[in-house]
Amino acid sequence: MTLDREELLRMYRTMVCVRQFETLAGEYFAAGKIPGFIHLSIGQEASSVGVCSALRSDDFLTTTHRGHGHLIAKGADLDRMVAELLGKRTGYCKGKGGSMHIADFALGILGANGVVAGGLPLAVGAGLSIKLRKTDQVVVSFFGDGASNRGPVHEAMNMAGIWRLPVIFCVENNGYASTTPVARACSVPDLALRAAGYGMPGVTVDGNDVLAVREAADQAVARARAGQGPTFLENKTYRIRGHFEGDPQKYREEAEVQAWRDKNDPLQRFAAVLRKGNVLTQDLQQGIWDEVEAQIGQALAFAEQSPYPEPKEALEDLLVNP
Amino acid sequence: MTLDREELLRMYRTMVCVRQFETLAGEYFAAGKIPGFIHLSIGQEASSVGVCSALRSDDFLTTTHRGHGHLIAKGADLDRMVAELLGKRTGYCKGKGGSMHIADFALGILGANGVVAGGLPLAVGAGLSIKLRKTDQVVVSFFGDGASNRGPVHEAMNMAGIWRLPVIFCVENNGYASTTPVARACSVPDLALRAAGYGMPGVTVDGNDVLAVREAADQAVARARAGQGPTFLENKTYRIRGHFEGDPQKYREEAEVQAWRDKNDPLQRFAAVLRKGNVLTQDLQQGIWDEVEAQIGQALAFAEQSPYPEPKEALEDLLVNP
Amino acid sequence: MAERRLSASAALAEALREEMTRDETIFILGEDLVSHSGIFGQFKGIPENFPGRIIDAPISETCVAGCGVGAGLTGMRPLVDFHFSDFVTCAMDELCNQAAKIRYMFGGQVKLPLVVWCPDGAGLRAAAQHSQSLEAWFVHTPGLKVVVPSEPADVKGLIKSSLRDDDPVMFFQHKRLFAKEGPVPEDADFIIPLGQAAIKRPGADLTFLTYGSGYHLCLQAAEELAAQDILAEIVDLRTLKPLDMETVAHSIQNTNRAVVVHEACVTGGFGAELAARIQVELFDYLDAPVLRVGAKDVPIPFSPVLEDYVLPSVAEVIEAARAVTYR
Amino acid sequence: MAERRLSASAALAEALREEMTRDETIFILGEDLVSHSGIFGQFKGIPENFPGRIIDAPISETCVAGCGVGAGLTGMRPLVDFHFSDFVTCAMDELCNQAAKIRYMFGGQVKLPLVVWCPDGAGLRAAAQHSQSLEAWFVHTPGLKVVVPSEPADVKGLIKSSLRDDDPVMFFQHKRLFAKEGPVPEDADFIIPLGQAAIKRPGADLTFLTYGSGYHLCLQAAEELAAQDILAEIVDLRTLKPLDMETVAHSIQNTNRAVVVHEACVTGGFGAELAARIQVELFDYLDAPVLRVGAKDVPIPFSPVLEDYVLPSVAEVIEAARAVTYR
Ligand SMILES: Cc1ncc(C[n+]2csc(CCOP(=O)(O)OP(=O)(O)O)c2C)c(N)n1
Ligand SMILES: Cc1ncc(C[n+]2csc(CCOP(=O)(O)OP(=O)(O)O)c2C)c(N)n1
Ligand SMILES: [Mg+2]
Ligand SMILES: [Mg+2]
């Protein structure tokens, strides 16, 4: 399936949006405006956008501690996202969640998760619910290379496998789990090799090539919608920022990061392709960056001007029937 | 490596011992002499004996709720085993454990486990301890086809894989997990297919052919002792008895059981091989059965005559320093 | 009209059949459910009458629990069967970090209808890993409701409210009580609201606060005590969270004495929470300390003599009653 | 001689270096330990000085805990780092069904030296899944010891006893207290026996029973109360299991009033157990009910205003002290 011009530009624009959002979040954190800790996905935009652009708004998604990109790519509201990062009442979770706990159930976003691999069993449950409700929705569960070694991943893939659930297991192999290089934690070079153990297709793609990711995602989504079951998709990418903002990063050389930043930036790569195909012009590109910058600037303003919750609101939202 | 006559006879004798132990345990349970519930391994003797006969007495073992055979094959004391099943003070655990919780740390038996797949992480820990203590011991962790779907199996295999620990993951695929046929619970036909996902060799063998199991076990043990890391061994076998004694077994046809009992009995098959090779004669075979019967009769007598613990003993053995 | 009597198992199955008929988003997920209608036969009639709505899962408690959460968040009302309550240990993240916190963490965006059905308790000579009573862990976890019925009618009334509730409910049913019979209303609309205790036996001298299997110990104890002119009132809490403190208070305001009885081991058990609240909220009414009767602080041993010694006994309940009444 | 002051982190690292030098069967297993000496820098100097004895594990809390059990059963003395105490939820079977029960189930055949080190507590704006205080679950699990130090010297003395102990120990150290400094003995043989509470501030009017971060709330409260002539005695429990009830009793026999303070949410927290015991064992000494101060019964929210409101405060501790002293 080939993508039309609008779609290609929409994808590029979304990637720019993720990049700018993360960049500004980093600056706000450095400026002490964001409490707690945040995990940025700069350098991984092709994965979030390549996969999510293949989804419908009624499809489901579970994401991780590094989930801003997935949320944006699935259509989350920037104002409410920033407000949540700042702990404001206008945030997605009224300030109760923060960066690691943003969800938008109206968009099928079942939530980021502070527990590594915590989202996969939930995704399988959503997949089972789809099967029981007899809809043609699909579920994507994002997780990292580090998460891939946790037990729930195994249980989730096996259950999705035997029941042929419409679940796409998308591992973003970004080279590190916190301080730990993937090779020191994972007993296989390509995580997609594990898919065979669950009778599902496993695909490893260049996770910084948004079109390659999109193509793999389209196939996985088509399979799932057709009731042919789950797919394991491994997007090989790289985490440009520290694990969390403020990470001393003694576990890697700056040169390694620099090499990825210079030679393998997903936005630059996609822009080059679009320019070559005359989809993108210098002006258009600049226009997109400016437009996104304005949009995010607006979100930041909205968030800054929003009030903090009242202390007593901490006692709300626990139960439907207390 | 070929096995000498003594070894072959020792293996046959052990299989007979497991068979008779389980048979009598079943009768005692039916007679109401064994409290709680017990899970018998009749029909799986080739797996326990084939694997354990490849081990040294200082090697480690973790087993399951269906562990009598593994214990006997590793050399456990029959008197103390029966006494434990009866809840007597002379039992392995002074009556605190029962059928599902027998261990003999002097023999490297780190315990049966009431939690399915509960033994695997412990086995990995023993493997790590071997590596840290720099000995050439190995660990075997038995588990079932049902257990293979639990998360700890995944975590354990990955850890053993990256650290090349001397652990042998031995799954006894006996066709069912309680009421559930393996095909309805496992997303792959051969569980050994999963080994590739951890960079370790995976072997599927005829689990009712004790010599085939032994050969595979010898290779796995050799690999482990040589520091070449873990092996995944799948013994395809069949559970002749119910999941537990008293199991209504509505999930399978008696004819299926009958077929395995008649055509694929591991003791009969091994006896035939030994007879053919003139290792076993009619008399010798009869002698072995009689001798084992006497030994088990003695164990039963010992257990029956042993006293129950005093109620207050329930408060002992919790902590070393209360 | 003669009261109809059912076993606790039958009461559960009847309630499920009624609710599953009423609401087709309800389904049951767990291990070994279909061929034997649950390993305790607790789902009798469900597999035949609701094919596809009672599902056998692989042995994957972690994912089974998470699956319940994911399905509950997306339009279904799952009942997850935990096989043995001891195995909640394999899904504490899904139950306590996910199910309990999701609605709160996400600012009340979503509701999570989910019933986690856990057969618990000892007495079956099933030893340390198949005999536990772990309700106290969940009482200490904000975001979960905790229900522990003692009699068949409570099972029916409470499982129905749990299934109709929009919050996650931990439902503990004692294995040894499945076969125990009692009167059960036939009315398909019979429900017992969560958070409502019941005074099951009136008495003026002391109050037994109990639930689950403890209730039956108290009943026996109360009868023996009555023969000694000590009249014990029995409050069956039924729901530990939300807790019906009002009924507890009324009873103690009359009796001025209380004994908490449960099967879980004493240290850190629910009795601690209850005693701690009572000695504050009813300080001026208490003529004696609130005593606790529960299992001794060891794992449940296998051998019958040992297990019987570790579990709370009628004798211990009576002794506690005598102590608080100074008789 | 001037007392040497260390941060809680430095005290931990020093104790570990001393013990690992003394006993080469000790090793550390957990996630992300080597390159940054633990994600909180809590193992400073260990990677350099004990190569191969501090091991980075994959993200596999279940197996990491089980690994600790298996290694502890086979001649090693593992310290397992849990990264964030919230993730004990991923290993409750290994901790509570295996580690806690193994010695008992097997009739005392074996000992299990194992320290499970859990950085816990809130205040870092880390939200619901990275801020919990879960010690009460383990107090309710026979077979485990539970240690919760509050000051650097306690950290050193208690981690050393824990590492020398032959039973599994859950060791909770508060994340917000890592950098807090205090005097720490240099003596390599300085240990604090498990089960020994400390009266850290004498007072005649009431007793604060506390541990971990609660201690620091009590200290501040005690100072403010002193200005109002209310003299609070502070008993830092340090070990919750085994519990030093003797020291608790002595203090209350003098003050006749007690307030339990901890960071965990109140309902079902350790304060319940303590209050329940005190109102029985010291019934005749109490001039007021035992009050509990702890977090409100919700998950820990992210936004600073909300988190601060949910966590116990010095003001609440003072209010409770006033209430029990009727002033
Ligand atoms: C169960 C669990 N263990 C540990 C952590 C702490 N932690 C948070 S993120 C992280 C690394 C995750 O690595 P990966 O899955 O590769 O995702 P990435 O950060 O690379 O996107 C760790 C160890 C956690 N949140 N949950
Ligand atoms: C974690 C856990 N879940 C469920 C059970 C209940 N249970 C005991 S044995 C068993 C079936 C195990 O099947 P399998 O692993 O194939 O071993 P087999 O019984 O066939 O030897 C189940 C479900 C358990 N003991 N532990
Ligand atoms: Mg990663
Ligand atoms: Mg099986």
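Within every chain, numbering begins at 1; the chains are lettered A, B, ... in the order of the sequence lines, protein sequences first and strands thereafter. What's counted below: heavy atoms across the whole structure, side chains too, no hydrogens, waters or symmetry copies.
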S.K.: Taking A:Gly91, A:Pro35, A:Ser178, A:Ala185 one by one, which has the highest count of heavy-atom pairs under 4.5 Å against chain D?
M.R.: A:Pro35
S.K.: Select one option (side chain, backbone, both, neither) describing which atoms of A:Ala147 are under 4.5 Å from chain D's heavy atoms.
M.R.: backbone
S.K.: Among A:Glu234, A:Glu172, A:Lys236, find the one that has a side-chain hydrogen bond (donor to acceptor under 3.5 Å, both in side chains) with A:Ser47.
M.R.: A:Glu172
S.K.: So do the side chains of A:Tyr251 and D:Val34 get within less than 4.5 Å of each other, counting heavy atoms only?
M.R.: no
S.K.: Among A:Glu313, A:Met100, A:Glu310, which residue has the highest count of heavy-atom pairs closer than 4.5 Å to chain D?
M.R.: A:Met100
S.K.: State plainly whether the residues A:Glu254 and A:Arg261 are in salt-bridge range, i.e. N to O under 4.0 Å.
M.R.: yes
S.K.: Could you tell me if A:Gln249 and A:Tyr176 have a donor-acceptor pair between their side chains, going purely by distance under 3.5 Å?
M.R.: no
S.K.: Do D:Gln132 and D:Asp86 have side-chain atoms, one donor and one acceptor, less than 3.5 Å apart?
M.R.: yes
S.K.: Does any backbone or side-chain atom of A:Asp247 lie under 4.5 Å from a heavy atom of chain D? Answer side chain, backbone, both or neither.
M.R.: side chain
S.K.: Go through D:Glu61, D:Lys296, D:His130, D:His36 and name the one with the most non-hydrogen pairs under 4.5 angstrom from chain A.
M.R.: D:His36
S.K.: Using non-hydrogen atoms only, which part of D:Val305 is less than 4.5 Å away from chain A: side chain, backbone, both, or neither?
M.R.: both
S.K.: Please flag which part of D:Asp308 lies under 4.5 Å from any non-hydrogen atom of chain A: side chain, backbone, both or neither.
M.R.: neither
S.K.: Looking at A:Pro152, A:Gly146, A:Ala117, which makes the most heavy-atom pairs under 4.5 Å with chain D?
M.R.: A:Gly146
S.K.: Taking only Lys NZ, Arg NE, NH1 and NH2, and the carboxylate oxygens of Asp or Glu, determine whether A:Glu316 and A:Lys96 approach each other closer than 4.0 Å.
M.R.: no
S.K.: For A:Lys94, is it the side chain, the backbone, both, or neither that has a heavy atom closer than 4.5 Å to a heavy atom of chain D?
M.R.: backbone
S.K.: Chain D: which of A:Asn113, A:Leu319, A:Asp317 shares the most heavy-atom pairs with it under 4.5 Å?
M.R.: A:Asn113
S.K.: Taking A:His68 as the fixed residue, which of A:Phe29, A:Phe21, A:Tyr92 is the one that meets the ring-ring contact (aromatic ring centres under 6.0 Å, His included) rule?
M.R.: A:Phe21
S.K.: Go through the atoms of A:Ile38 and report whether side chain, backbone, both or neither lie under 4.5 Å from a heavy atom of chain D.
M.R.: neither
S.K.: Regarding A:Glu22 and A:Ser41, is there a side-chain donor-to-acceptor distance under 3.5 Å anywhere?
M.R.: yes
S.K.: Considering only heavy atoms, which portion of A:Arg89 lies under 4.5 Å from any heavy atom of chain D: side chain, backbone, both, or neither?
M.R.: neither
S.K.: Does any heavy atom of chain D fall under 4.5 Å from the side chain of A:Val115, the backbone, both, or neither of them?
M.R.: both
S.K.: Please determine if D:Lys175 forms a cation-pi arrangement with D:Phe84, meaning its NZ or CZ atom is less than 6.0 Å from the six-membered ring centre and no more than 45° off the ring axis.
M.R.: no
S.K.: Go through the atoms of A:Leu315 and report whether side chain, backbone, both or neither lie under 4.5 Å from a heavy atom of chain D.
M.R.: both
